[in-house]
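Heads up, the thing below is written out as structure tokens.
Per chain, numbering begins at 1; letters A, B, ... match sequence-line order. Note that the structure is predicted; figures quoted are calculated from it, not measured.
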Amino acid sequence: MTNFADLGLSQKVLSAVTDAGYTIPTPIQAGAIPPALQRRDILGIAQTGTGKTASFVLPMLTLLEKGRARARMPRTLILEPTRELAAQVAENFDKYGKNHKLNIALLIGGVSFDEQDRKLERGADVLICTPGRLLDHFERGKLLMSGVEILVIDEADRMLDMGFIPDIERIAKLIPFTRQTLFFSATMPPEIQKLADRFLQNPERVEVARRSSTATTVTQRFVAAHAKDYEKRAVLRDLIRAQDELKNAIIFCNRKKDVADLFRSLDRHGFSVGALHGDMDQRSRMAMLANFKDGNIKLLVASDVAARGLDIPDVSHVFNFDVPIHAEDYVHRIGRTGRAGRSGASFTLVTKRDIKFADAIEKLIGQEVEWLNGDLSELPEPMESHDPVRKDRGRDRHKDRKKDVERSGRGRSDHRSDTAHADSAAELEPVAERAEAVKPERNEDNGRAHNGHNGRNDRPGRAQNAANDDNRDRRNRHRRDHDDGPTPIGFGDDIPAFMLIAGKA
DNA sequence: AAAAAAC
């Protein structure tokens, strides 16, 4: 079996790899590192979780040992589809480049230009970018691409999905054709193959077995649910509580709005929960991810921004609150658990209108997924108290609220915002959600202590409009307490303590 | 039926 020491990496790199505890390269690493060190182009077909990142980071570090960066002329350039992925690659450079004195610049949106610009000025050995921010810097004349020796295009199929290919082509044209290009994609549809043909010269093709389906260590179940959101949320809560060995979990929704809604609901029900989606400001995104990784929050409600590539080790459970529309995404989502041979569990809530997507998933993974409690045909009738068209909202709201307060014995009145926001939240919440909240609950009375924060809820619950408002909201952040509605996960003036900690880190 | 990404 191949050892890292046999791949031709420099001593500096090898010792960092050893310090990180690795001796045996993964197949993509063993296949890609030697030709990359020979300055060959690479066509790497590999999914995340296969060690793909190190397969370009390690040889790049070795190659970068010769030569120095000049001001505004980066020596290498890595393109990533999402900010989190870019940040993660940067972490890899820190980890494996600890014996080097390289200048690494992370150019992503959502954060200030100034620091990025200072790094460019100093001369960057490695630029790790999302396409938009890179082009922004370039258009401001802060950057010359003519010194780039190595170009990495990561997650090319996802870049295609996201419409980044024109940007990628534009960037590639700015870089001398004498460059070395490392091109990675999880899949090779014809468009990607065409792209690869254009970008690569006589590449070494390295393909590792697709995690075609899902790791065999992951238990997969479908769970029949009614389509109403509040009923799905109730099913989800029961499901979460029924798990004996839930260490932490990612809960996927298809839409940002639903991420926001579900997060608020779980938070209100006392779960230790965070949220992650692309319309949140970057600081919150980073803080949420860090806190989830550190175990400060147990549940992370996320859009597909978290489905691929993010290296969150050791997630015990994945819940699909929504069935993904593209079966491929199911594989990626489920791939967040059961990593590195560990066991994991996944549950997918399926409603009647999802059935064709559920079928497509079974077809893709080549196996039938067991239903947890009978299939859709055995679905019980919708719960009666959940009629969302009751007219006497105002009165009932108060009644419900009263019961809610009584239920916990102490009424949670230690939270200054609690009674103040109750009505405004109920106003925009389906009545049923309030009714549902008075059902006896096991877990929640000790809630609210979990994150050491309070007051998160004194924002009016207007998540329905949040997704639409959000871009405007981002620009008007200073005045968003007026009437734009919150960002889906705005904290307003009340920033939870744990986020302040992460912000400093 | 979506999400992701520049200000």
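A donor atom on one side chain and an acceptor atom on the other are found under 3.5 Å apart for A:Asp157 and A:Thr187. Residues A:Thr181 and A:Arg179 bring a donor and an acceptor atom of their side chains to less than 3.5 Å of each other.
For B:dA4, the OP1/OP2 oxygens have a side-chain nitrogen or oxygen of A:Lys256 closer than 4.0 Å. Contact between the side-chain N/O atoms of A:Arg83 and the OP1/OP2 oxygens of B:dA6 is found at a separation under 4.0 Å. Distances shown here put every side-chain N or O of A:Arg285 at or beyond 4.0 Å from the OP1 or OP2 atom of B:dA4. Taking 4.0 angstrom as the limit, A:Ser303 places none of its side-chain polar atoms (N or O) nearer than this to OP1 or OP2 of B:dA2. Remark: A:Thr82 is not in phosphate contact with B:dA5, judged by side-chain N or O atoms under 4.0 Å from OP1 or OP2.
Looking at residues two or more places apart in sequence or on another chain, you find no salt bridge (Lys or Arg N to Asp or Glu O under 4.0 Å) involving A:Asp41. With sequence neighbours left out, the side-chain hydrogen bond (donor to acceptor under 3.5 Å, both in side chains) criterion links A:Asn254 to A:Arg333.
Scanning atom types as modelled, no donor and acceptor separated by under 3.5 angstrom connect the side chain of A:His277 and the base of B:dA4.
Taking atom CE on A:Met159 and atom P on B:dA4, their separation rounds to 16 Å, with Å as the unit. Rounded to whole Å, atom P of B:dA6 lies 11 Å from atom CD1 of A:Ile168. Distance A:Phe138 CZ to B:dA5 P: 23 Å, rounded to the nearest Å. Following rounding to the nearest Å, A:Phe164 (CZ) and B:dA6 (P) show an atom-to-atom distance of 6 Å. Rounded to a whole Å, the CG atom of A:Leu85 is 13 Å from the C1' atom of B:dA3. Rounding to whole angstrom units, CZ of residue A:Arg170 and P of B:dA5 are separated by 19 Å. Between the CD atom of A:Glu80 and the C1' atom of B:dA5 there is a distance of 13 Å, rounded to whole Å. Nucleotide B:dA2 holds its P atom 6 Å from the CZ atom of A:Arg255, rounded to whole Å.
Nucleic acid contact for A:Phe113: sugar-phosphate only, since backbone atoms but no base atoms lie under 4.0 Å from a heavy atom of the residue. Within the nucleic acid shown, A:Asn254 comes within 4.0 Å of sugar-phosphate atoms alone, with no base atom in reach, counting heavy atoms only. Among the protein residues, A:Gly110 comes within range of the sugar-phosphate backbone only, with heavy atoms under 4.0 Å from sugar or phosphate atoms but none that close to a base. When heavy atoms are screened at a 4.0 angstrom cut-off, A:Asp354 is found touching base atoms of the nucleic acid. Across all strands shown, A:Asp322 has no heavy atoms under 4.0 Å from either base or sugar-phosphate atoms.
Among B:dA6, B:dA1, B:dA2, the nucleotide with an atom closest to any side-chain atom of A:His326 is B:dA2. Of the candidates B:dA1, B:dA5, B:dA6, B:dA6 carries the atom nearest the A:Asp136 side chain, counting heavy atoms from C-beta on.
Judged by a 6.0 Å distance limit and a 45° cone about the ring axis, A:Arg170 is not positioned over the six-membered ring of A:Phe138.
Here A:Asp322 does not pair with A:Arg255 in a salt bridge; the nearest charged N to carboxylate O distance is not below 4.0 Å.
Place A:Arg140 and A:Val305 on DNA chain B by their nearest nucleotides, and A:Val305 ends up nearer the 5' end.
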